[in-house]
Participant: 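Supplied in structure tokens, the structure appears directly below.
Residue numbers count from 1 along this sequence.
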Amino acid sequence: MSNTTSSVNTVFYITARPKSNPHFNSTSSRFITFTSPNHHTNKPWNSWRSRRKSFSSVKNVATDQQSVATAAELEEQGVILRRDSKSIASNIKYHAEFSPSFSPEIFDLPKAYTATAQSVRDELIANWNATYDCYEKTNMKQAYYLSMEFLQGRALLNAIGNLELSGEYAEALSKLGHNLEDVARQEPDAALGNGGLGRLASCFLDSLATLNYPAWGYGLRYKYGLFKQNITTDGQEEVAEGWLEMGHPWEIIRNDVWYDVKFYGKIAMGSDGKKNWVGGETIKAFAYDVPIPGYKTKTTINLRLWSTRVTSEGFDLDAFNSGDHVKAFEAQANAEKICYVLYPGDESMEGKTLRLKQQYTLCSASLQDIVACFERRSGNSVNWEEFPEKVAVQMNDTHPTLCIPELLRILIDVKGLSWEEAWKITQRTVAYTNHTVLPEALEKWSLDLMQKLLPRHVEIIELVETELLSTIVSEYGVEDLELLEKKIQALRILDNVELPATIKEVFTKSEVSAADTDVGEILVKLDGKSDKVEPKDKKKDSKDKSSTKKKTFFKPDPKQPKLVRMANLSIAGGHAVNGVAAIHSEIVKEEVFNDFYKMWPDKFQNKTNGVTPRRWIRFCNPDLSNIITNWTGTESWVLDTEKLAELRKFADNEDLQAEWRAAKKSNKIKAASYIKEKTGYAVSPDAMFDVQVKRIHEYKRQLLNILGIVYRYKKMKEMSAKERKEKFVPRVCIFGGKAFATYVQAKRIVKFIVDVGATINHDSEIGDLLKVIFVPDYNVSVAEMLIPATELSQHISTAGMEASGTSNMKFSMNGCVLIGTLDGANVEIREEVGDDNFFLFGAEAHEIAKLRKQRAAGKFVPDPRFQEVKAYIRSGVFGSNNYDELMGSLEGNEGYGRADYFLVGKDFPSYIECQDKVDEAYKDQKKWTRMSIMNTAGSYKFSSDRTIREYAKDIWNIEPVELP
């Protein structure tokens, strides 16, 4: 090794070049990266770092700049490398000077944030490389979590919290003239997600690292995110997110890790008899890695994000010089726009194409990377049958479903495996998490679009469908053709598409007795390889027929599109399917995928969602965290949330209740200050903070909430000041969340909430008795501020429509009392916190279908109070805006956008009556505080640590590996 002295303000600065490593490519800082000649390998070099311990006994170069210790010298001395505030301050100053992203003149907050983040990243890289090296050497089975969203939030406070360096960094920054919280606020939220899907993925990564499970996450690096939300008098305004404009110090681009991703083209047969995907358009996906540290552990796993571009050869210099600048940049623009925006609008064909490109890019780049890792770790003895023993791929919803045909393509076309081998490997490797029962969210792609964009994958999907049809025919036989047709229609992957000729033949033999048809012969004809099998026993519901009548089966409708049903492909192509809450998993089995469940009951599981207690209580609510630690006698609850249940025995203790209320009041004061800054409205921290923050959607029923507020306001206006004060508890009703840019009805709801707030908040008669706030641009950082301040949290979706929800868990964990329906995880939360500590209202899931039928039959009679509030809105009290479209959606008995599909009118009476109970409970602060404590105590079950342990055991079959 070689030494380099430096007069920099840091504890020590090491430049190293391992003598035995000819591929080490730089003389750089003490955190060193090995680069392999294979561009698909990026193995860290950390032979000396594996024995590092602390910095405390190392001479501080900030005070003595005459020598710098080398790694070898430190090893020989057995030095323990530890970070204290003095050395951290030196390291921050070093990065401010020698890793500059800003001008050198001043050390202002943005510069302080970047230098601090780079300092923390130094700490993470050491553990990150050690984790990677451990995985490489041990070659244990690893889980790979693929998601279109990762809603990470800010990284700085979470990282130093997990490293147990919060105090040291606060002190270091104080020495440098800054406050840690002020510095942390300079960090923009990473715009890589939108709602619960992405936040769940991020909680899972935190738990995977904390519990020492070998795992990686894969996603896309969106340049502009979903959008930044501005709230104006016109409602929601969308502008591009600028989260990358000042750089992102947490990521490391791996210039040596990239993969070709192909679109369009055609399929040609090679001279070797193999099919080749030729021609078309090729882009490159480059890896950007983000370290994910575990809590109180060295394990630091990786989130790999793909960014798309073309090489310089894709720039048409001739076109540029001839003045055709648009053409010159065409290839570059087509590649880069894939990772511009999360969920680009898909109203146009261009938008649909871009979304499909996004999904395939995620799947293709990630699967190529996973396969390359498997081959590298296998060395010279690659055994593809072992692939499922080393790799577990989890698809977070249907967005990554193309993993299935892509893995099959790689195994067959690139690695030379047979169909039978590749199919068995794929089914044993891939698993699918379902997050919705909404029909529009169960993705169905145009077959024509997919054929054009991904021709080879359509061929493979057709083969998967053939395997599925074989199973269906084997399961149900051909004695009852109507039953068989029904099952095929429900289960097949390709919708409104001709059946394979052999299956079609079964249904066209209209004058042949079904009993004479041999199932075994059909299967042999269908797939060309099946052994002849005997049909299973007749189903009890099969009809006894001696022959069939002439009937046309499976005739595609030329007026309807041909579709690929991605959820069906996910179920057929994987070994496990899980819902995300007990009630949701039952709906998945009994309703949404009932036919699949009957055929493959062992595939279906429940894995109730969870949230990380580190970010969602330990770091975002330090006051409450300290109280919990003091009263439980241990801080171990952060890792073992079952200890939260011990709070139950103290729920009536007056001292605990006093501390509990004080912590809540402190958080409310902070939230009130933020609200004033962002909206201009002053709110009283003495009022109840009543919060509904989540994606704006009709089924989540923000409309029900605001209608309840309007009813409350109307009743207040009808009373004297004395009557109002006696009847109503002061409330600050807070909304937050984004409406998708093309979701017109959701944007109408946002506009209506803003209008109601503008009227009520300026009503001097009402004053602090009622305020309505819409917090703009709701994200993780806003949630970390609002949730600890919340007292009543609303989770009021139409029963049976919310898969789980995770915000309900975060609120409950922070001592918020919930009002809600029996939907999603509400059911399990209510069971744990107790019926008396949850405000329940509304129709139940099993009643919904019947209620909709009654509505369609004209049998629904709206409550007079519901009619009253609609008339009040139409009277013009909230301005001149026309609310006919919004109110009209709640009226009528049929028709698109009519008939109150989400049962707002049905549940309205129950909802406002339940809100009266809330007022009464809040007036008794001792009772309310007890309810709050019981919610925190009952939230022990909803840690993502518990969820991850279940995935690891039941689906992935992986074991934790703690670094030495």
Participant: Taking the six-membered ring for Trp, is the centroid-to-centroid distance between H697 and F740 below 6.0 Å?
Facilitator: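 No, the ring centres sit 6.0 Å or more apart.
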
Participant: So, K665 and D686, do they make that salt bridge, N to O below 4.0 Å?
Facilitator: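 Salt bridge between K665 and D686, a charged N being under 4.0 Å from a carboxylate O: yes.
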
Participant: Would R930 and Q925 count as having a side-chain donor-acceptor pair, cut-off 3.5 Å?
Facilitator: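 Side-chain D/A pair, R930 to Q925: absent.
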
Participant: Check T433, T608, D397 against V580 for a side-chain contact (heavy atoms from CB on, under 4.5 Å) and give me the one that passes.
Facilitator: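 That would be T433.
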
Participant: Checking E590 against E586 for the side-chain contact (heavy atoms from CB on, under 4.5 Å) test, could you report, in this order, the C-alpha distance in whole Å, the side-chain angles of both residues, the deciding distance, and whether it holds?
Facilitator: CA-CA 6 Å; E590 300 302 325; E586 287 305 307; 4.2 Å; yes

Participant: Decide, yes or no, whether a salt bridge links K917 with E913 under the criterion of side-chain N to carboxylate O below 4.0 Å.
Facilitator: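 Not counted as a salt bridge, because no side-chain N and carboxylate O are separated by less than 4.0 Å.
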
Participant: Decide, yes or no, whether a salt bridge links E659 with K664 under the criterion of side-chain N to carboxylate O below 4.0 Å.
Facilitator: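 Between K664 and E659 there is no salt bridge, as every charged N stays at least 4.0 Å from the carboxylate O atoms.
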
Participant: Any chance the side chains of Q702 and K700 put a donor and an acceptor closer than 3.5 Å?
Facilitator: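 Distance-only check fails for Q702 and K700.
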
Participant: For a side-chain contact (heavy atoms from CB on, under 4.5 Å) with L786, tell me which candidate from N667, I734, N814 qualifies.
Facilitator: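 Exactly one option meets the side-chain contact (heavy atoms from CB on, under 4.5 Å) with L786, and it is I734.
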
Participant: Are E920 and K923 close enough for a salt bridge, meaning some N to O gap below 4.0 Å?
Facilitator: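 Between K923 and E920 there is a salt bridge, with a charged N closer than 4.0 Å to a carboxylate O.
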
Participant: Any luck finding a side-chain donor-acceptor pair between N808 and N826 under 3.5 Å?
Facilitator: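 Their side chains do contain a donor-acceptor pair, which is all the 3.5 Å distance test asks for.
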
Participant: Regarding S812 and S939, is there a side-chain donor-to-acceptor distance under 3.5 Å anywhere?
Facilitator: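 No.
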
Participant: Looking at E718, I'd like to know if its CD atom is crowded, meaning that more than 12 non-hydrogen atoms belonging to other residues, nucleotides or ligands lie closer than 6.0 Å.
Facilitator: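 Result for CD/E718: enclosed.
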
Participant: Using a strict threshold of under 4.0 Å (side-chain N to carboxylate O), is an ion pair present between R830 and D835?
Facilitator: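 So D835 pairs with R830 through a salt bridge.
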
Participant: Hey, are K668 and E791 close enough for a salt bridge, meaning a charged N less than 4.0 Å from a carboxylate O?
Facilitator: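 Yes.
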
Participant: Going by atom types alone, do N194 and E149 pair a side-chain donor with an acceptor below 3.5 Å?
Facilitator: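 Judged by distance alone, the side chains do not pair up.
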
Participant: Is the ring centre of Y951 less than 6.0 Å from the ring centre of F204?
Facilitator: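 Centroid distance Y951-F204: below 6.0 Å, so yes.
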
Participant: In plain terms, say whether K738 and D777 are close enough for a salt bridge, that is, a side-chain N and a carboxylate O under 4.0 Å apart.
Facilitator: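 Yes, this pair counts.
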
Participant: Do D640 and K643 meet the salt-bridge criterion of a basic N to acidic O distance under 4.0 Å?
Facilitator: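 Salt bridge: yes.
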
Participant: Is the NZ or CZ atom of R731 both under 6.0 Å from the centre of the six-membered ring of F689 and within 45° of that ring's axis?
Facilitator: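 So R731 doesn't make the cation-pi contact.
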
Participant: Answer yes if the side chains of Y597 and E591 hold a donor-acceptor pair under 3.5 Å, and no otherwise.
Facilitator: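 Their side chains do not contain a donor-acceptor pair, so the 3.5 Å distance test is not met.
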
Participant: Strictly below 4.0 Å, N to O, side chains only: are D900 and K906 in salt-bridge contact?
Facilitator: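 No.
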
Participant: Consider only side-chain N and O atoms of Y911 and Q915, and report whether a donor and an acceptor are under 3.5 Å apart.
Facilitator: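 Side-chain D/A pair, Y911 to Q915: present.
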
Participant: Please say which of F841, F811, Y699, F838 ends up in a ring pair (Phe, Tyr, Trp, His ring centres under 6.0 Å) with H795.
Facilitator: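 Result: among F841, F811, Y699, F838, F811 is the only option passing the ring pair (Phe, Tyr, Trp, His ring centres under 6.0 Å) with H795.
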
